[in-house]
Amino acid sequence: SHELKTPLTSISGFAEIIKNGFVKQEDIPGFAGKIFEESQRLIVLVNDIIKISQLDEGGIPYDKEEIDLYDMAEEVLGRLAEPAKKKNINLQILGEHARIKGVRLILDEVIYNLCDNAIAYNRPDGSVTVTVEDTASGPRITVADTGIGIPREAQGRVFERFYRVDKSHSSGGTGLGLSIVKHGAAYLGAQVELHSEPGHGSTFILTFPKAEA
Ligand code: ADP
């Protein structure tokens with residue numbers, strides 16, 4: 001409730017003082033800007049909460065289809081080229097084509113959140129490497145970064161809703177990204193592993209069930 005109430009309280013507060021005529025004409029754009037920013041944040045937050053509850057209920061009425069992990073990873077990295085460029089982060093994709101059966105929208109969300117974090121929590125001039133393999137235990141996608149890493153004691157908690165290791169390092173995200181990854185992976189039947197060394201980087205591995213013969 002804290003996460004939802006904080007932006008709402010500031011929106012309401014700013015609107016109230018404008019309404020009561022306490023804000024000078026020239027300061028109004030600044031106040032309106034704050035109301036706009038906070039409401040944008042709230043929209044993202046509410047959308048993320050809706051995504052998680054839909055995954056939780058398992059009630060998404062989408063059909064499963066064959067999806068190539070490599071092609072999808074390539075597409076996601078394409079969408080993230082701009083933010084990566086801003087931090088001078090090198091994005092690369094390695095490996096081979098591997099097909100899974102799943103829901104495109106959910107898989108996209110999961111891979112996007114992992115890659116987005118890998119950029120957000122990286123160091124300037126760092127890199128993000130996505131590897132796709134068709135292993136004996138099933139198709140696998142690995143997202144590895146050269147960023148700040150996650151302390152061991154936090155590694156079990158980062159998948160919790162709203163949990164953030166260090167608010168000062170926060171990307172300004174909602175704290176729901178990895179929760180969406182966890183629920184999305186469960187929906188797709190994939191196992192999630194996290195390996196990370198603070199100061200060196202983090203690696204997230206998703207292993208999907210083997211295709212039925
Ligand atoms: P946020 O919106 O804060 O990014 P997430 O649920 O995606 O929320 O991640 C939770 C927290 O886990 C982040 O705030 C950050 O502290 C940590 N984290 C996630 N991904 C990484 C990563 N690749 N490297 C380092 N820390 C990470």
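Ligands are counted one by one from 1 in listed order, and the atoms in each one are counted from 1 as well.
Side-chain contact between Ile141 and Met72: absent, with no pair of heavy atoms (C-beta onward) separated by less than 4.5 Å. In this structure, Leu94 and Val130 have side chains that are not in contact, with every pair of non-hydrogen atoms separated by 4.5 Å or more.
For the residue pair Ser202 and Ser196, a side-chain donor N or O sits within less than 3.5 Å of a side-chain acceptor on the partner. Side-chain atoms of Asn122 and Asp145 form no donor-acceptor pair, as typed in the model, at a separation below 3.5 Å.
Remark: Asp108 engages Arg79 in a salt bridge, criterion side-chain N to carboxylate O under 4.0 Å. Salt bridge Arg157/Glu160: present, at least one basic N to carboxylate O contact under 4.0 Å.
Proximity of Asn113 to ligand 1 is not established, as no heavy-atom distance is less than 4.0 Å. At least one heavy atom of Gly175 sits less than 4.0 Å from an atom of ligand 1.
If you number the atoms of ligand 1 from 1 as listed, the ones under 4.0 Å from a heavy atom of Tyr163 come out as 10 (C), 11 (C). In the vicinity of Leu176, heavy-atom distances shorter than 4.0 Å reach the ligand 1 atoms 6 (O), 8 (O).
Heavy atoms of Ile150 found under 4.0 angstrom from ligand 1 belong exclusively to the side chain.
Ranked by closest heavy atom to atom 20 (N) of ligand 1, the top entry among Asp116, Asn117, Val44, Ile119 is Asn117. Considering each of Leu178, Val158, Leu114, the one bringing a non-hydrogen atom nearest atom 19 (C) of ligand 1 is Leu178.
Backbone and side-chain nitrogen or oxygen atoms of Thr174 are examined, and one is located within less than 3.5 angstrom of a nitrogen or oxygen of ligand 1. Close N/O approach between Val165 and ligand 1 is found [any backbone or side-chain N/O within under 3.5 Å].
Criterion: ILVMFWY side-chain heavy atoms under 4.5 Å apart, direct or through other members. Under it, Leu114 and Val44 are not part of a common hydrophobic cluster.
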